[in-house]
Amino acid sequence: MTHYWLMKSEPSEVSVDDALAAPKSTVAWTGVRNYQARNFMRDLMRVDDGVLFYHSSCAEPGVVGIGRVASTPYPDPTQFDPASKYHDPKATPETPRWQLVDVQVLRKTRTLGLAELREAPGLEDLVILRRGNRLSITPVEPRHWKIIQKLLG
DNA sequence: GCCAACGTTGGC
DNA sequence: GCCAACGTTGGC
């Protein structure tokens, strides 16, 4: 069963252009330090699940690309790196705490901004639009995915 | 920079 | 296990 996901990235860290410029247009989704978001990657994601690449904490927050889950889960290497701001002193290679997947960008899209998402009929209950939602990875229902694909053209 | 809404931490 | 204090997220 294919699932769909919305994955937030700060473009100052990894933008959709950065991902496109990477080998195979693929990046490891490092830095997730929230258990619920981790569990989505670790337990529910499958290779070829659909991904909405979303830019947050920037001038134009919104969906900027379409991608796919490109790997099974594996330990986030930054948790073991003392020099990384994502270092987790409680994590060891024997007992990793944070898992990630690789994400491959399939195409860059126009920026489908928050305001347009909020106005689109049928997207009212998209998880990311719910009040107070801060999760960096959220599931997207197939009907939402279809509407967003249509908006992106 | 503000601040609402959460998640995490740590003393008890 | 409770819960107050604290830290973070992220749009505005």
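Here is the naming used below: chain letters follow the sequence lines, and residue numbers restart at 1 for every chain.
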When the side chains of residues 129-138 of chain A are checked against the rest of the protein, which donor-acceptor pairs come out under 3.5 Å, sequence neighbours left out?
{"from": "A/Arg130", "atom 1": "NH2", "to": "A/Asp125", "atom 2": "O", "distance (Å)": "3.4"}

TODO: Mind checking ring pair (Phe, Tyr, Trp, His ring centres under 6.0 Å) for A/Phe40 and listing every partner two or more places apart, or none if nothing turns up?
DONE: A/Trp5
TODO: Identify the 5'-most and 3'-most nucleotides of DNA chain C with at least one atom closer than 4.0 Å to a non-hydrogen atom of chain A.
DONE: C/dG7 to C/dC12
Open item on the list: List the residues meeting salt bridge (charged side-chain N to carboxylate O under 4.0 Å, His left out) with A/Glu94, not counting sequence neighbours, and say none if there are none.
Closed with: none
Task: A/Thr26 versus A/Ala22, closest heavy-atom pair with distance - done: O-CB, 3.5 Å
TODO: List in chain and number order the residues that pass salt bridge (charged side-chain N to carboxylate O under 4.0 Å, His left out) with A/Glu141, two or more places apart in sequence or in another chain; answer none if no residue qualifies.
DONE: A/Arg143
TODO: Hey, could you give me each pair passing ring-ring contact (aromatic ring centres under 6.0 Å, His included) that has a residue in residues 75-103 of chain A? Not counting sequence neighbours.
DONE: A/Tyr35-A/Trp98
- [ ] Go through residues 112-127 of chain A and report each residue with a non-hydrogen atom lying under 4.0 Å from DNA chain C, sorted by number.
- [x] A/Leu114
Open item on the list: Per the salt bridge (charged side-chain N to carboxylate O under 4.0 Å, His left out) rule, what does the pair list look like for residues 15-27 of chain A, sequence neighbours excluded?
Closed with: A/Asp17-A/Lys108
Task: Estimated bend of the helix from B/dG1-C/dC12 to B/dC12-C/dG1 (axis per five terminal pairs, rounded to 10 degrees) - done: 20°
Task: Any residue meeting side-chain contact (heavy atoms from CB on, under 4.5 Å) with A/Arg42, in chain and number order, not counting sequence neighbours - done: A/Arg38, A/Asn39, A/Gln99
Task: Test side-chain contact (heavy atoms from CB on, under 4.5 Å) applied to A/Lys90 - qualifying residues, sequence neighbours left out - done: A/Asp88, A/Arg97
Open item on the list: A/Glu116: which residues meet the side-chain hydrogen bond (donor to acceptor under 3.5 Å, both in side chains) condition with it, sequence neighbours left out?
Closed with: A/Arg110
